[in-house]
Number of protein chains: 2
Amino acid sequence: MESQDLRKAGLKVTLPRLKVLEILETADHRHLSAEDVYKAMLEMGEEIGLATVYRVLTQFEGAGLVSRLSIEGGHAVFELEDGSHHDHLLCVRCHRIEEFVDEVIEQRQQVIAAEKGFEMTDHSLYIYGVCKHCQKEK
Amino acid sequence: MESQDLRKAGLKVTLPRLKVLEILETADHRHLSAEDVYKAMLEMGEEIGLATVYRVLTQFEGAGLVSRLSIEGGHAVFELEDGSHHDHLLCVRCHRIEEFVDEVIEQRQQVIAAEKGFEMTDHSLYIYGVCKHCQKEK
DNA sequence: GTGTAAATGAGAAGGATTTTCATTTATATT
DNA sequence: AATATAAATGAAAATCCTTCTCATTTACAC
Ligand SMILES: [Zn+2]
Ligand SMILES: [Zn+2]
Ligand SMILES: [Zn+2]
Ligand SMILES: [Zn+2]
């Protein structure tokens with residue numbers, strides 16, 4: 001089924017691309033850095049260059065298959081695009097990432113943009129904190 | 001008056017530090033990159049190393065004199081700390097930055113964090129769009 | 001004035017990502 | 001199935017922003 005997605009996006013169906021898709025679909029975590037994908041590939045016994053991982057992820061982003069988070073200070077994180085917008089909560093200790101959608105915030109942003117005379121094209125919202133897990137530890 | 005702020009922060013009063021403060025206080029824009037500060041220094045005829053600009057801005061951040069924005073993709077931007085939290089709207093064309101405060105959003109973030117069991121420590125919210133100015137230009 | 005720790009500047013180093021370019025590969029065409 | 005061609009790949013170099021190193025200078029307490 002994935003081959004179709006690649007063809008639709010005007011991308012040739014290659015092993016590296018199929019494998020990157022596979023990793024994004026089957027990884028334990030939904031949010032992966034390029035490095036994470038690269039390491040997962042090597043662990044699967046697939047040879048790939050890190051440059052290719054970056055290239056493929058960027059192409060997938062362009063094709064709407066993947067979206068990219070820009071987390072403060074750190075490196076980019078990628079996730080499979082599921083068509084529904086959501087924002088993120090990040091644990092500053094263990095780097096766990098959780099997702100949320102809040103209609104009140106979404107709408108307030110529209111109002112604020114309108115008040116300032118902006119045509120809003122996008123937004124980026126990250127809530128940082130200490131997750132349930134990490135609160136327990138000490 | 002600024003010398004006092006530096007001494008309170010445990011920082012020696014040096015010319016580079018005073019000049020960086022001066023630039024932050026008198027620049028046309030409230031939001032400046034390290035590069036912007038560096039160029040402004042050179043234009044003022046002051047010799048300074050870029051490394052010093054970064055160092056000083058980072059120290060000021062630690063001392064609570066300055067805060068740092070982490071804008072998507074780009075480089076860090078610094079602004080004088082005025083004690084009141086605010087978030088930012090960014091024009092994707094001309095890179096103009098505007099500020100806003102919205103209590104509804106602030107509170108919803110607290111609620112969301114609580115729902116997910118997070119102890120919220122911080123957040124980062126940027127609204128991207130096309131500003132009033134840039135909308136006029138075709 | 002002297003001493004000492006802190007601050008500076010220049011350049012090297014760093015980390016994440018992108019680019020370059022020679023080689024390989026997918027796919028369209030015989 | 002063989003061939004042609006445009007796209008994709010890997011490795012290394014390059015890039016961008018930022019931090020670090022270290023020899024020299026400076027601020028400030030005595
Ligand atoms: Zn955690
Ligand atoms: Zn997500
Ligand atoms: Zn604009
Ligand atoms: Zn601001």
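Every value quoted in this text rests on a predicted model; they were computed, and no experiment measured them. Naming convention: chains lettered A, B, ... in sequence-line order (proteins, then strands); numbering from 1 in each chain. Atom set for the values below is all heavy atoms of this structure, side chains included, hydrogens, waters and symmetry mates excluded.
- Look at CD on A/E46: it is 14 Å from C1' on D/dT9, rounded to the nearest Å.
- Residue A/A34 is out of contact with every strand shown, counting any heavy-atom pair closer than 4.0 Å.
- Summarising the geometry, the separation between CG on A/L50 and P on D/dA14 is reported as 18 Å, rounded to the nearest angstrom.
- With rounding to the nearest 0.5 angstrom, the NE2 atom of A/H95 is 12.5 Å from the NE2 atom of A/H29.
- Other residues, nucleotides and ligands contribute at most 12 non-hydrogen atoms within 6.0 Å of the NE2 atom of B/H75.
- The CD atom of B/E47 sits 16 Å away from the C1' atom of D/dT26 (whole-angstrom rounding).
- To the nearest angstrom, P of D/dC17 lies 11 Å from CG of B/D36.
- When the nearest nucleotides of DNA chain D are assigned to A/A51 and B/A51 by heavy-atom distance, the more 5′-ward of the two goes with A/A51.
- A salt bridge is absent between B/E79 and B/R68: the closest approach of a Lys/Arg side-chain nitrogen to an acidic carboxylate oxygen does not fall below 4.0 angstrom.
- The line from CD of A/E22 to CE of A/M44 is 4.0 Å long, rounded to the nearest 0.5 Å.
- With B/Y126 contributing its side chain and B/S70 its backbone, the two residues share a donor-acceptor pair below 3.5 Å.
- Here the options are B/I97, B/I71, B/I127, B/V77, the test is side-chain contact (heavy atoms from CB on, under 4.5 Å), and the partner is B/H88; only B/I97 passes.
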Polar atoms only, N or O, under 3.5 Å: list the protein pairs with nucleotides 27-30 of chain D and their distances.
| residue | atom | partner | partner atom | Å |
| --- | --- | --- | --- | --- |
| D/dA27 | N3 | B/K12 | NZ | 3.4 |
| D/dC28 | OP1 | B/V13 | N | 3.0 |

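- In this structure, CD of B/E35 is placed 14 Å from P of D/dT19, rounded to the nearest angstrom.
- The span of DNA chain C lying next to chain A, judged by atoms under 4.0 Å from heavy atoms, is bounded 5' to 3' by C/dA16 to C/dT27.
- Between B/Y54 and the phosphate of D/dT18, there is a side-chain N or O to OP1/OP2 separation shorter than 4.0 Å.
- Nucleic acid contact class of B/R55 (heavy atoms, under 4.0 Å, all strands): base.
- At least one donor-acceptor pair closer than 3.5 Å links the side chain of A/R30 to the backbone N or O of A/L80.
- Under 4.0 Å is where a charged nitrogen must lie from a carboxylate oxygen, and between B/E137 and B/R93 no such pair does.
- Side-chain N or O atoms of A/R17 include one that pairs as donor or acceptor with a backbone N or O of A/K12 at under 3.5 Å.
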